[in-house]
Amino acid sequence: MSSGFVPQGSSSPAPASLAVAAPNRLSAEAAAEIAKQGGNAVDAALASIMVACIVEPGVCAPGAGGFIAMTGPDIEPVVIDGYMRAPLRTRTHHLDAPVVAMEYGGGIQTRVGPGSVAVPGCWAAFGRAHAMAGRMTWAEVCSPAVAVADAGFPLGGVSAYYLQYSGETVFGLDPASRRALQPHGVLLAEGELVRVEGLSSALREIAGHGAEVAYSGDLGRRMGFDLWHRGGAVDEADFADYEAIDRGPLEFDAAGWAVLTNPAPAVGGAAVAYLLARMASTGMAIGDWVEAQRSLFEWRGRSISPRVDRRAAIQGWLQALTSPSTVHVSTIDSDGRAVAATMSAGYGSGVIPEGTGMWMNNALGEFELVGEEPADLEPGTRLNSNMAPTVATSDDGRVLAIGGPGADRISTSLAQVLAHVMFDGEDLAAAVAHPRLHVDVRNGGRVAVEPGIDVDGIDQPVLEYDRLHMYFGGVGAVMRHPDGRLEAVTDPRRDGVAIVV
């Protein structure tokens, strides 16, 4: 077999075994190598997303959480929920979770430090997906991540950009984090090698003993002990008690496509479903997109809070409709197995539990998802998420896996790409590259647009970007065509890499 790098999507000239769209070259190459060794789409997706969680500091982390959507001829459609969870008990003494401000993304505030860390679920999700549908051994699937940790990795462009804002305020607070990103006293530049103390050993433990070692094993105990004793909200019991959950996908039809996406209690999949249903009923005019997004975010502002039953709220929302920092990997193989895996560590806590090399999330500190105070959360509850990894099959035999990063732009970017494919009949590469718009509720409903959007149809304040911009997300998608041809597409707005093997 041979592999070729595909900048925006391409068909393979010969029968192909796998297509992958990944956020960077190392994670794409991990999937390709697994495919060459005989792995299926699940094996390849896991190897790729593991690497992506490691080599995108600030963008994601080994202490992340997320969701894996899977379907295929031998896979019952499922979304594996490995998202972050609130601690089992409310801490009575002071949490070390300072609020920091950054100019990133137009200006944000978030909590960081040990007290912002929620129980990470990514390794439980990886282990569950592998047990359910993997072909290779667990150690083989983990081997690319171990190799990357052994060798170190170059700091990528997206990480370098984010660290311009967060390098000191977030990642300069923890000594181990500072040593990794400022080994010579100055923040590493794009392309410079990152080495994280203890990471290789931790990944070897996971590869050798299974994903459970990160929870009920020695590694999980060490992480929980360190976080709690440094003023964190989670402890050893939180790690030991964590399990991934198999969820039935949120299912809906769109123009001859059967779409499966992330269900409640996450809000991202419902947001995508809402936007697509609105556009199916109103049309695809720019003004309709603006109104659909405005109503979506107004509803979210009213209904999605730590004190609201998200399952009931989302179900009521969808019933009414019919009477929606992060890395993503999409893979598909020649047999039609499709995997969409999205992982997030929030804005990053900046914390590495001593000796583990495992950067942690700050999911308890994302105000827009959990509210102002972590204490408002019900103990042990799954946190809210914008993530919407999605798989879909069409009446004509196409199979699609798609997803992406981008906070609240995840749902709007995915809905726009899917609408261009499903309603307009655009090919996948053109749909991903199509200009986008996003209603920015944090700035009074201002509509951000890319070149090519007709602003004359918008009666709200407009922010016009001069190019396709990473603000609008970073969609990665793969498709199996009816003739067996595989296609992989990455977003021109980010540094993703697509490979067909």
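The model shown is predicted, which means the values in this text are computed figures rather than measured ones.
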Nearest heavy atoms of M422 and A255, plus distance in Å: O-CB, 3.4 Å
For the pair F239 and Y215, name the ring-plane relationship: parallel under 30°, tilted 30 to 60°, perpendicular over 60°. tilted
Do the side chains of V329 and V20 get nearer than 4.5 Å, heavy atoms only? yes
Backbone N/O of V213 and side chain of E205: donor-acceptor pair under 3.5 Å: no
Hey, could you give me the CE/CE distance between M358 and M223, rounded to the nearest 0.5 Å? 4.5 Å
Main chain of R494, side chain of D491: is a donor-acceptor contact present, judged purely on distance under 3.5 Å? no
Donor-acceptor check, side chain of S349 to backbone of V117, threshold 3.5 angstrom: yes or no? no
Separation between OH of Y347 and CG of N361, rounded to the nearest 0.5 Å: 13.5 Å
Whether the side chain of T71 engages the backbone of A338 through a donor-acceptor N/O pair (distance < 3.5 Å, no angle test) should be reported. no
Electrostatic pair R135:D74 at N-O distance under 4.0 angstrom: no
Student check: side-chain heavy atoms of V141 and F126 closer than 4.5 Å: no
Can you check side-chain contact (heavy atoms from CB on, under 4.5 Å) on I453 and V447, steps first, answer last? CA-CA 11 Å; I453 298 290; V447 182; over 6 Å; no
So do the side chains of L463 and D440 get within less than 4.5 Å of each other, counting heavy atoms only? no
Between the CD1 atom in I68 and the CG atom in L46, the distance rounded to the nearest 0.5 Å is 5.5 Å
Minimal heavy-atom distance between A45 and T331, with the atoms involved, is CB-OG1, 3.4 Å
Report the relative orientation of the aromatic rings in W123 and W138; use parallel for angles under 30°, tilted for 30 to 60°, perpendicular for over 60°. perpendicular
Out of curiosity, M132 CE to I75 CD1, how far, rounded to the nearest 0.5 Å? 8.5 Å
Chi angles and distances behind the side-chain hydrogen bond (donor to acceptor under 3.5 Å, both in side chains) call for T326, H328: CA-CA 7 Å; T326 308; H328 177 84; over 6 Å; no
Is there side-chain contact between V391 and V399, with heavy atoms separated by less than 4.5 Å? no
Taking the side chain as every heavy atom from C-beta outward, state whether D495 and P23 have any pair of such atoms under 4.5 Å apart. no
In sequence, state the C-alpha distance, the side-chain angles, and the governing distance for D288 and M279, and then conclude on side-chain contact (heavy atoms from CB on, under 4.5 Å). CA-CA 7 Å; D288 294 325; M279 303 322 293; 3.6 Å; yes
Using only atom types and a distance under 3.5 Å, with no angle test, would you say the side chain of R128 pairs donor to acceptor with the backbone of G82? no
Of all heavy-atom pairs linking V146 and A207, the shortest is CG2-CB, 4.2 Å
Looking only at non-hydrogen atoms, find the nearest pair between S48 and A31 and report the distance. CB-CB, 3.9 Å
Any donor-acceptor pair under 3.5 Å linking the side chain of Q416 with the backbone of R436? no
Atom OG1 of T390 and atom CG of N262: how far apart are they, to the nearest 0.5 Å? 8.0 Å
Under the 3.5 angstrom rule, does the side chain of S17 hit a backbone N or O of V501 as a donor-acceptor pair? yes
For the pair R85 and D238, evaluate side-chain contact (heavy atoms from CB on, under 4.5 Å) and give the outcome as yes or no after the intermediate values. CA-CA 9 Å; R85 195 189 68 185; D238 289 302; 4.0 Å; yes
Give a yes or no answer on whether the side chain of T381 reaches the backbone of A86 with a donor-acceptor pair at less than 3.5 Å. no
Step-by-step side-chain hydrogen bond (donor to acceptor under 3.5 Å, both in side chains) determination, S413 to R493: CA-CA 12 Å; S413 64; R493 296 162 182 85; over 6 Å; no
Provide the closest heavy-atom pair for A69 versus P389 in the form atom of the first, atom of the second, distance. CB-O, 3.7 Å
For the side chain of N386 and the backbone of I410, is there at least one donor-acceptor N/O pair under 3.5 Å apart? no
Looking at every heavy atom in both A133 and N40, which two are closest together, and how far apart are they? O-ND2, 3.0 Å
Could you walk me through whether E56 and S27 pass the side-chain contact (heavy atoms from CB on, under 4.5 Å) check? CA-CA 10 Å; E56 298 266 10; S27 58; over 6 Å; no
Students often mix this up, so state it plainly: with edges at 30° and 60°, are the rings of Y162 and Y104 parallel, tilted or perpendicular? perpendicular
With no hydrogens and no angle check, is any side-chain donor or acceptor of R337 less than 3.5 Å from a backbone partner on P73? no
Drop me the distance from I54's CD1 to L203's CG, to the nearest 0.5 angstrom. 4.5 Å
Below 4.5 Å, heavy atoms only, C-beta onward: do R111 and N362 meet side chain to side chain? no
Are D246 and E76 packed together at the side-chain level, in the sense that at least one heavy-atom pair is separated by less than 4.5 angstrom? no
Any side-chain heavy-atom pair of L18 and I34 under 4.5 Å: no
Testing the 3.5 Å rule here: is there a donor-acceptor pair between the side chains of Y274 and S411? no
Going by ring pair (Phe, Tyr, Trp, His ring centres under 6.0 Å), name the pairs with one or both residues in residues 480-501, residues two or more places apart or in two chains. none
Sub-6.0 Å ring centroid separation between H438 and Y465: no
